[in-house]
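Scroll down for the structure; my scribbles are underneath it.
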Amino acid sequence: MLADSDTTSELSADIQNFSLFISSWNVGGIAPPNDLNMEGLLDTRNNLADIYVLGFQEIVPLNAGSVIVPENTMLCMQWNSLIRTALNKIAVNNIILQKVEEEENQKVYPPNKESSSHFECIISKQMVGVFITIWARSPLLPYIRHTSVSSVGCGIFGYLGNKGSVSVRFCLHETSFCFVCSHLASGGKGGDERQRNADASQILSRTRFPCDSFQHLPRKILQHDRVIWLGDLNYRIYLPEAVTRSLVNGRQWSILLQKDQLKAELREGCIFKGWQEEEIEFAPTYKYYPDSDDYYGCNQNEKRGKSRAPAWCDRIIWFGKGLKQSQYNRGEFRLSDHRPVWATFTAEVKVLSPLY
């Protein structure tokens, strides 16, 4: 798709699989502690992925002062520093372990070509509270091209960045990827889901990437080969709060998910028609007391304001073919009133090679 006709005539196309790790976390406007160990979020017990996509919401408090300042460079650098330390620590540890195993098995050097790889940030972008950062193994960097960003504000007055999305596009070899990190409208009242749908519709219609007529690059989200949407989508559960809490206490996920607003949109709606989500087998990710495993409002003697029934606000969905999801889970960080979610995918990628 991205090569000119003369070059393509001398190349053959193969499909190779690459692994993706995707995570989303609403951090509630709390800056990360310097000693925050990101290894737990990156699921380091399993094999390292080829590409990591980490999305955050509310990396700054969503007050009047922060909404008019789209970027906080120092805060983004702080998050990226923690991610870099964790990913490259894991990579180094894996190299050492691999060499030990090879010596024990009396294998011949040089070791696997990936043993010398490390992770580098290929792009990161903030819009008020929404922040996305993407990391790739160093051997992949020469094959990642046409990287660009498109931000859409859907918040105050319909355009400020307290709600909205930051989307990233790039091509890996001959396959285009688009990752949408978003924070949709909040609210647990009946009908609030319509504003979330409206935000999603605005993101799909207003997101535009640069177009190069010679390369035939996709401009809109759904025109890309592989599309993943992550974020605090804020969809709630169509049940009275007392019933929701009772079912959460009984860990009746399947019953709750039958009334989940996003699941209803995926089944019947028009905004997310054709999108998919892996089965959820973990507890609702919202709303917790800070530094606690207790859901907000679990103390019956406490006076509460707005309804804050537990819900799966934090989600990862995808669109199109060529993606296979293998894991979908949540992390157990207590930094904010949300728990992060993460997923792993295998992505098919078209790779050109010379004809012999």
Side-chain angles (χ1 to χ4, degrees), residues 1-2 15 17-24 49-55 57 123 125 130 132 134 144 146-152 154 164-185 193 196-209 211 216-235 257 260-280 312-328 341-350:
M1 179 182 71
L2 302 175
I15 299 298
N17 291 327
F18 292 83
S19 56
L20 310 175
F21 181 96
I22 316 293
S23 179
S24 176
D50 295 308
I51 295 174
Y52 284 78
V53 180
L54 305 179
Q57 303 81 45
I123 193 167
K125 178 65 175 177
V130 179
I132 186 170
I134 301 182
I144 296 176
H146 310 299
T147 304
S148 59
V149 176
S150 178
S151 301
V152 174
C154 301
S165 66
V166 179
S167 301
V168 172
R169 184 273 309 280
F170 63 80
C171 297
L172 173 59
H173 289 281
E174 305 304 310
T175 298
S176 61
F177 287 80
C178 182
F179 300 97
V180 182
C181 177
S182 72
H183 192 183
L184 304 186
E193 72 280 3
R196 293 186 266 279
N197 293 343
D199 286 353
S201 179
Q202 286 290 307
I203 289 167
L204 287 168
S205 64
R206 290 168 52 195
T207 298
R208 290 288 187 277
F209 296 101
C211 179
H216 306 291
L217 296 171
R219 295 201 68 192
K220 301 179 70 174
I221 291 172
L222 298 183
Q223 293 173 345
H224 291 79
D225 299 317
R226 314 285 179 259
V227 184
I228 296 178
W229 192 320
L230 56 141
D232 180 359
L233 306 190
N234 251 323
Y235 286 96
L257 286 165
D260 177 82
Q261 293 176 350
L262 180 57
K263 289 294 187 186
E265 288 299 321
L266 292 169
R267 290 191 305 267
E268 308 160 5
C270 60
I271 303 303
F272 289 109
K273 183 178 180 180
W275 290 80
Q276 301 180 63
E277 183 181 32
E278 187 57 69
E279 183 178 355
I280 293 176
W312 286 279
C313 290
D314 309 278
R315 310 290 275 268
I316 299 170
I317 60 177
W318 80 95
F319 183 86
K321 300 179 180 180
L323 287 169
K324 182 178 180 180
Q325 187 170 348
S326 54
Q327 291 179 292
Y328 195 20
V341 294
W342 58 268
T344 56
F345 292 85
T346 299
E348 295 181 354
V349 173
K350 181 180 178 182

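Residue indices begin at 1 and follow the sequence shown. Please read these numbers as outputs of a predicted model, since none were measured by experiment.
- Just one residue in the list F345, Y52, F179 forms a ring-ring contact (aromatic ring centres under 6.0 Å, His included) with F21, and that residue is Y52.
- Separating the SG atom in C313 from the CG atom in N234 is a distance of 4.5 Å, to the nearest 0.5 Å.
- Although no hydrogens or angles enter the test, the distance criterion places no donor-acceptor pair under 3.5 Å between the side chain of E268 and the main chain of E265.
- S19 and D50 share a side-chain donor-acceptor pair at under 3.5 Å.
- Paired with I228 under the rule side-chain contact (heavy atoms from CB on, under 4.5 Å), one option of V53, I317, V180, L20 passes, and it is L20.
- Remark: the backbone N or O of D225 is paired with a side-chain donor or acceptor of S176 at under 3.5 angstrom.
- With hydrogens and angles disregarded, no donor-acceptor distance shorter than 3.5 Å links the side chain of Q202 to the backbone of A198.
- With values rounded to the nearest 0.5 angstrom, C154 atom SG is found 11.5 Å from H183 atom NE2.
- With respect to R315 and D260, a salt bridge is recorded, a charged nitrogen being found less than 4.0 Å from a carboxylate O.
- Residues R196 and Q261 have side chains in contact (heavy-atom distance under 4.5 Å, counting atoms from C-beta outward).
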Legend entry - Chi angles and distances behind the side chain to side chain contact (heavy atoms under 4.5 Å, CB included) call for T175, R226: CA-CA 8 Å; T175 298; R226 314 285 179 259; 3.9 Å; yes

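- Judged by distance alone, the side chains of N197 and Y235 do bring a donor and an acceptor atom under 3.5 Å apart.
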Inset, instruction - May I have the step-by-step check of side chain to side chain contact (heavy atoms under 4.5 Å, CB included) for W275 and L262, ending in yes or no? - result: CA-CA 11 Å; W275 290 80; L262 180 57; over 6 Å; no

Inset, instruction - Just do the side chain to side chain contact (heavy atoms under 4.5 Å, CB included) check on K263 and E277 with the steps written out, would you? - result: CA-CA 8 Å; K263 289 294 187 186; E277 183 181 32; 3.0 Å; yes

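- Counting heavy atoms from C-beta on, the side chains of F177 and H224 never come closer than 4.5 Å.
- Counting only N and O atoms by type, the side chains of T344 and S326 include a donor and acceptor under 3.5 Å apart.
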Inset, instruction - Please report the C-alpha distance between S165 and V152 in whole Å, then the side-chain angles of each, then the deciding distance to 0.1 Å, and finally whether the side chain to side chain contact (heavy atoms under 4.5 Å, CB included) criterion is met. - result: CA-CA 5 Å; S165 66; V152 174; 3.7 Å; yes

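- Proximity of the aromatic rings of W342 and Y328 is defined here by a centroid distance below 6.0 angstrom, and this criterion is not met.
- Put simply, the side chain of D199 never gets that close to the backbone of L184: no donor and acceptor are under 3.5 Å apart.
- Note that CD1 of I271 and CD of E193 are 12.0 Å apart. Values are rounded to the nearest 0.5 Å.
- A donor atom on one side chain and an acceptor atom on the other are found under 3.5 Å apart for Q57 and S24.
- Between F319 and W229, the gap from one ring centroid to the other reaches at least 6.0 Å.
- Between W312 and V341, every side-chain heavy-atom pair lies at or beyond the 4.5 Å cut-off.
- You'll find the side chain of Q276 stays beyond 4.5 Å of the side chain of L266, heavy atoms only.
- F209 and H146 have their aromatic ring centers separated by at least 6.0 angstrom.
- With contacts defined as side-chain heavy-atom distances shorter than 4.5 Å, the pair I203/S182 qualifies.
- Counting only heavy atoms from C-beta outward, the side chains of F18 and L172 approach each other to under 4.5 Å.
- Taking every heavy atom of both residues into account, C171 and L217 meet most closely at SG-CD2, 4.0 Å.
- In this structure, L323 and A347 approach most closely via the heavy-atom pair CD2-CB, 3.7 Å.
- Within the 4.5 Å cutoff, the side chain of L204 has heavy atoms near those of the L222 side chain.
- Atom CD in Q325 sits 10.0 Å away from atom OG1 in T346 (nearest 0.5 Å).
- Here the CD1-CD distance, from I15 to E174, works out to 10.5 Å after rounding to the nearest 0.5 Å.
- Here the straight-line distance linking atom CG of L257 with atom CD of E279 works out to 8.5 Å at 0.5 Å rounding.
- At a cut-off of 3.5 Å, with distance as the only test, a side-chain donor of S148 or R169 sits close to an acceptor on the other residue.
- Between S167 and I221, some side-chain heavy-atom pair lies under the 4.5 Å cut-off.
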